[in-house]
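Worksheet: one structure, shown below.
When a residue number appears, it is its place in the shown sequence, counting from 1.
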Amino acid sequence: TRKESSAASDVYKRQINEDIHQTFIKQYQMLRHKLLSLLDTPVKTTHHIGGTSHFNYPTEPILDVLVGVNNLHDITALDEKRLNYEGFYRLHHPYHKKVVMAQFNNLIDLRQIARLHIVQIDSQLYNDYLKTNHYLTINPSSATNFGKQKYNLSTDAVPIREYENQKQLLFKQLLRKINKDLSNAHN
């Protein structure tokens, strides 16, 4: 549909460059407390990730949180229901070895305001998330380049599903660069 095809380009109409009131840090801290306080929670760790954690490139105003669990199967229907009560809904995109849940501004516009990237602790994917976020935090020039590439993806009027697939490829390219840089640093 027309609305779906413009969804990716709409993302960057709402870019932000800074957070002078530390809104995202405060939101992260409140969300972390909620996640770790759920009765019999499977959540073991949380990390504030993505552009709103470092602002080294213009980013969409979405709080991204890496959520570590011992096993993805620990996210049961009960946990999903409890997260639904907190306003999070599972995204049914074919993600590999992770569950993604999003919180929306309302159930009409469906603009994401927060995402939970639920991943098994100590898996390669979990460690890759931490590695890429750390790299983008301490390498502003690489972060700026990554932000430009991400922006270019969003300016193509593609369905949101295609945008997400392309964004995953962009992260894989970044991870290859990080691993190459780390390998060269050790030689």
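- The minimum heavy-atom distance linking Lys97 with Leu125 is given by the pair O-CD2, 3.5 Å.
- For the pair Asp109 (side chain) and Asn106 (backbone), a donor-acceptor distance under 3.5 Å is absent.
- A distance-only check finds a donor-acceptor pair linking the side chain of Gln103 to the backbone of Glu86 [under 3.5 Å].
- Tyr151 OH to Lys148 NZ: the interatomic distance, rounded to the nearest 0.5 Å, is 12.0 Å.
- Interatomic distance, Thr59 OG1 to Ile16 CD1, rounded to the nearest 0.5 Å: 6.5 Å.
- When the side chains of ILVMFWY residues are joined at heavy-atom separations under 4.5 Å, either directly or via intervening members, Leu174 and Tyr129 end up in two distinct hydrophobic clusters.
- Here the side chains of Tyr89 and Asn84 are in contact, with some heavy-atom distance below 4.5 Å.
- Side-chain contact between Asp64 and His117: present, with at least one pair of heavy atoms (C-beta onward) separated by less than 4.5 Å.
- There is no path of hydrophobic side-chain contacts, each under 4.5 Å, that joins Ile75 to Val100.
- In this structure the side chain of His47 never reaches within 4.5 angstrom of the side chain of Asn133, judged on heavy atoms.
- Of the N and O atoms on the side chains of Glu164 and Gln168, not one donor lies less than 3.5 Å from an acceptor on the other residue.
- Taken to the nearest 0.5 Å, the CD atom of Gln27 stands 6.0 Å off from the CG atom of Leu63.
- At a threshold of 4.5 Å between non-hydrogen side-chain atoms, the residues Asn179 and Arg176 do not count as touching.
- Take Asn56 and apply the side-chain hydrogen bond (donor to acceptor under 3.5 Å, both in side chains) test, not counting sequence neighbours, and it matches no residue.
- Here the closest non-hydrogen pair linking Tyr135 and Ser142 is OH-OG, 3.3 Å.
- Taking the ring-ring contact (aromatic ring centres under 6.0 Å, His included) definition, one finds that Tyr28 meets it with His48, sequence neighbours left out.
- Heavy-atom minimum distance, Leu170 versus Gln149: CD1-OE1, 3.4 Å.
- The minimum heavy-atom distance linking His33 with Ser37 is given by the pair O-OG, 2.6 Å.
- Using a 4.5 Å cut-off between side-chain heavy atoms of Ile, Leu, Val, Met, Phe, Trp and Tyr, with links allowed through other members, Val43 and Leu83 fall into the same hydrophobic cluster.
- Heavy atoms only, all atoms of each residue included: Gln120 and Tyr126 are closest at O-CB, 3.3 Å.
- The distance from atom NZ of Lys131 to atom CG of Leu182, rounded to the nearest 0.5 Å, is 6.0 Å.
- Thr41 places no side-chain N or O within 3.5 Å of a backbone atom of Leu36 that could act as its donor or acceptor partner.
- Between Asn70 and Ile121, the closest side-chain pair of non-hydrogen atoms falls below 4.5 Å.
- The shortest distance between side-chain heavy atoms of Arg111 and Glu60 does not fall below 4.5 Å.
- Evaluation of the ring-ring contact (aromatic ring centres under 6.0 Å, His included) rule for Phe104 yields no partner, not counting sequence neighbours.
- Thr52 approaches Ile49 most closely through the heavy-atom pair OG1-O, 4.2 Å.
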**OP:** Give the C-alpha distance, both sets of side-chain angles, the deciding distance and a yes or no for side-chain contact (heavy atoms from CB on, under 4.5 Å) between Arg90 and Val99.
**Re:** CA-CA 7 Å; Arg90 186 175 186 152; Val99 172; 3.4 Å; yes
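- A donor-acceptor pair under 3.5 Å is formed between the side chain of Thr132 and the backbone N or O of Asp128.
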Original post:
Going through the distances and angles, do Leu91 and Gln112 end up as a side-chain contact (heavy atoms from CB on, under 4.5 Å)?
Top reply: CA-CA 11 Å; Leu91 300 182; Gln112 293 181 24; 3.8 Å; yes
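- Ile118 is listed as a side-chain neighbour of Val69, based on a closest heavy-atom distance under 4.5 Å.
- Taken together through direct or relayed side-chain contacts under 4.5 Å among Ile, Leu, Val, Met, Phe, Trp and Tyr, Ile113 and Ile62 form parts of separate hydrophobic clusters.
- Interatomic distance, CD1 of Ile178 versus CZ of Phe171, reported as 9.5 Å (0.5 Å rounding).
- Taken together through direct or relayed side-chain contacts under 4.5 Å among Ile, Leu, Val, Met, Phe, Trp and Tyr, Val119 and Leu116 form parts of separate hydrophobic clusters.
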**OP:** Begin with the C-alpha distance, continue with both residues' side-chain angles, and end with the deciding distance and a verdict on side-chain contact (heavy atoms from CB on, under 4.5 Å) for Lys150 and Tyr163.
**Re:** CA-CA 9 Å; Lys150 197 171 161 193; Tyr163 169 73; 3.9 Å; yes
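- A donor-acceptor pair is defined here as one N or O able to donate and one able to accept, closer than 3.5 Å; no such pair exists between the side chain of Lys167 and the backbone of Leu153.
- Taking NE2 from His134 and CG from Asn127, the interatomic distance works out to 13.0 Å, rounded to the nearest 0.5 Å.
- You'll find the side chain of Asn139 stays beyond 4.5 Å of the side chain of Leu136, heavy atoms only.
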